[in-house]
Participant: 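Structure below; questions to follow.
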Amino acid sequence: MTANPRPVIVGVDGSPASFGAVRWAVDEAMRHGQLLRVTHVIAVPDAFEPAADEHEVALHAAVEARNWQPGLLVTTFTWRGSPARVLVDQSRSAALVVVGSRGTGGFHSLRIGSVGLQLAAHAGCPVLVVHHAERWAGPEVPLPQHQPIVVGADGSAHAEVGVELAFAEAMSRGVPLIAVRAWQEPAHRWGRATDLTRCATTAHDALAAELAPWRAKYPTVPVELRTVQAAPAAALLDAGRDALMIVLGPRGTGGFDDLRLGSVTQQVLDHASAPVLVARR
């Protein structure tokens, strides 16, 4: 297999959750023909070359990755320092960074708001945060294969980055795509009732127009348009309850008003049960 020069990077710490993240990273690297770089960052104040025995965590994860996919090209990287800073630096030359939503050891008490959130906010490539990744720590539990991918779409340029990535993921996996747009009832005007049917129709038509070029580019991807009268995060979390993953742009406007890390994106990262893929160019 000839690997894409931009690798898939996965952060590991020896925990079951990090091994589950490795399995997702292996799957992504194999489907897209990319090298896998297993990265273990030991969280200490000063960055310097670790001792020989501290490489064991990354080496063990790399062995497991090769056992799962013998044809995969795998390298390892071990360093001491800030996990978020190291992974953000590495992301600038990567195709994707994958982390579990929580961990121990090198990613001590990894939770959204820490390493995962900093990656989602600052990485130079897309970031996949795998929630409850320990579910897939062993090969006896298959990764999701047939569930749909959910993407948030509001018509903004930032959201379009997520839409583009979601279509590419859906095509590579051969699964349907659910495009979600949340809308809310406009403020009441004195003496005038709000036509909710018209609001829903307007939102649906805008979503259809926004996705038309992508549906033409990816004609084999089945697409469901879902417009929901709800708060944006609630709409995405509800649609993503049984999804393979949820895909978001880095921020948005309009239907996903004020979509930024720390608001809608952070709510989805905090509460989703499915993996969340944050699209970044």
Side-chain angles (χ1 to χ4, degrees), residues 1-111 114-116 118-120 122-130 133-141 143 275 277-278 280:
M1 178 178 86
T2 301
N4 186 309
R6 295 176 68 85
V8 172
I9 294 173
V10 58
V12 300
D13 62 6
S15 68
S18 72
F19 278 98
V22 170
R23 286 195 65 204
W24 279 83
V26 166
D27 178 70
E28 286 283 349
M30 285 297 295
R31 281 188 298 104
H32 296 289
Q34 290 158 325
L35 171 76
L36 179 67
R37 183 189 300 163
V38 179
T39 299
H40 179 213
V41 185
I42 303 165
V44 294
D46 300 316
F48 57 90
E49 181 66 30
D53 60 349
E54 291 177 323
H55 292 274
E56 290 301 316
V57 169
L59 291 173
H60 180 45
V63 169
E64 290 298 311
R66 294 189 186 100
N67 287 338
W68 293 329
Q69 290 290 351
L72 181 63
L73 299 178
V74 185
T75 64
T76 62
F77 180 90
T78 303
W79 196 247
R80 289 190 173 200
S82 163
R85 181 175 299 175
V86 172
L87 288 171
V88 168
D89 287 346
Q90 290 201 8
S91 74
R92 298 190 180 109
S93 60
L96 175 71
V97 177
V98 183
V99 292
S101 60
R102 302 183 190 278
T104 58
F107 295 98
H108 181 65
S109 298
L110 175 61
R111 54 177 59 87
S114 178
V115 176
Q118 291 180 60
L119 278 168
H122 302 295
C125 68
V127 176
L128 179 62
V129 178
V130 184
E134 62 276 4
R135 292 176 287 182
W136 299 287
E140 67 278 359
V141 179
L143 295 179
L277 178 60
V278 179
R280 303 190 64 86

Participant: Who passes side chain to side chain contact (heavy atoms under 4.5 Å, CB included) against A25, sequence neighbours left out?
Facilitator: V8, V10, L36, V98
Participant: Quick check for you: to the nearest 0.5 Å, what is the distance between L35 atom CG and T75 atom OG1?
Facilitator: 4.5 Å
Participant: Do F77 and V86 come close enough that some side-chain heavy atom pair is under 4.5 Å?
Facilitator: yes
Participant: Which distance, rounded to the nearest 0.5 Å, do you find between the CG of L59 and the OG1 of T76?
Facilitator: 5.0 Å
Participant: Partners of S93 by side chain to side chain contact (heavy atoms under 4.5 Å, CB included), sequence neighbours excluded?
Facilitator: none
Participant: Ignoring hydrogens, what is the shortest heavy-atom contact between A58 and V38? Give both atom names and the distance.
Facilitator: O-CG1, 3.7 Å
Participant: Of all the heavy-atom pairs spanning S18 and G14, show the shortest one and how long it is.
Facilitator: OG-N, 3.3 Å
Participant: Under the side chain to side chain contact (heavy atoms under 4.5 Å, CB included) test, which residues partner A123, sequence neighbours left out?
Facilitator: S91, L119, V127, R280
Participant: Over all heavy atoms of both residues, which pair between V26 and A65 is shortest? Give the atoms and the distance, please.
Facilitator: CG2-CB, 3.6 Å
Participant: Who pairs with P126 by side chain to side chain contact (heavy atoms under 4.5 Å, CB included), at least two apart in sequence or on another chain?
Facilitator: L96, L165, L277
Participant: Within this structure, what is the NE2-CD1 distance for the pair H55 and I42, rounded to the nearest 0.5 Å?
Facilitator: 8.0 Å
Participant: Any idea which heavy atoms bring R92 and R6 closest together, and the distance?
Facilitator: O-NH2, 3.8 Å
Participant: For E28, which residues count as a salt bridge (charged side-chain N to carboxylate O under 4.0 Å, His left out) partner, sequence neighbours excluded?
Facilitator: R31, R173
Participant: Return the CZ to CD distance between R85 and Q118, rounded to the nearest 0.5 Å.
Facilitator: 9.0 Å
Participant: Is V57 close to V12 at the side-chain level, that is, under 4.5 Å between some pair of heavy atoms?
Facilitator: yes
Participant: Going by the side chain to side chain donor-acceptor pair (under 3.5 Å) test, which pairs reach into residues 59-72, not counting sequence neighbours?
Facilitator: none
Participant: Counting neighbours of CZ on R135 that are heavy atoms of other residues, nucleotides or ligands and sit closer than 6.0 Å, is the number greater than 12?
Facilitator: yes
Participant: For the pair R23 (side chain) and V141 (backbone), establish whether a donor and an acceptor sit closer than 3.5 Å, ignoring hydrogens and angles.
Facilitator: yes
Participant: Please give me the minimum heavy-atom distance between A94 and C125, naming the atom from each residue.
Facilitator: O-CB, 3.3 Å
Participant: Show the nearest heavy-atom pair for residues G100 and A21, with the distance to one decimal.
Facilitator: N-CB, 3.6 Å
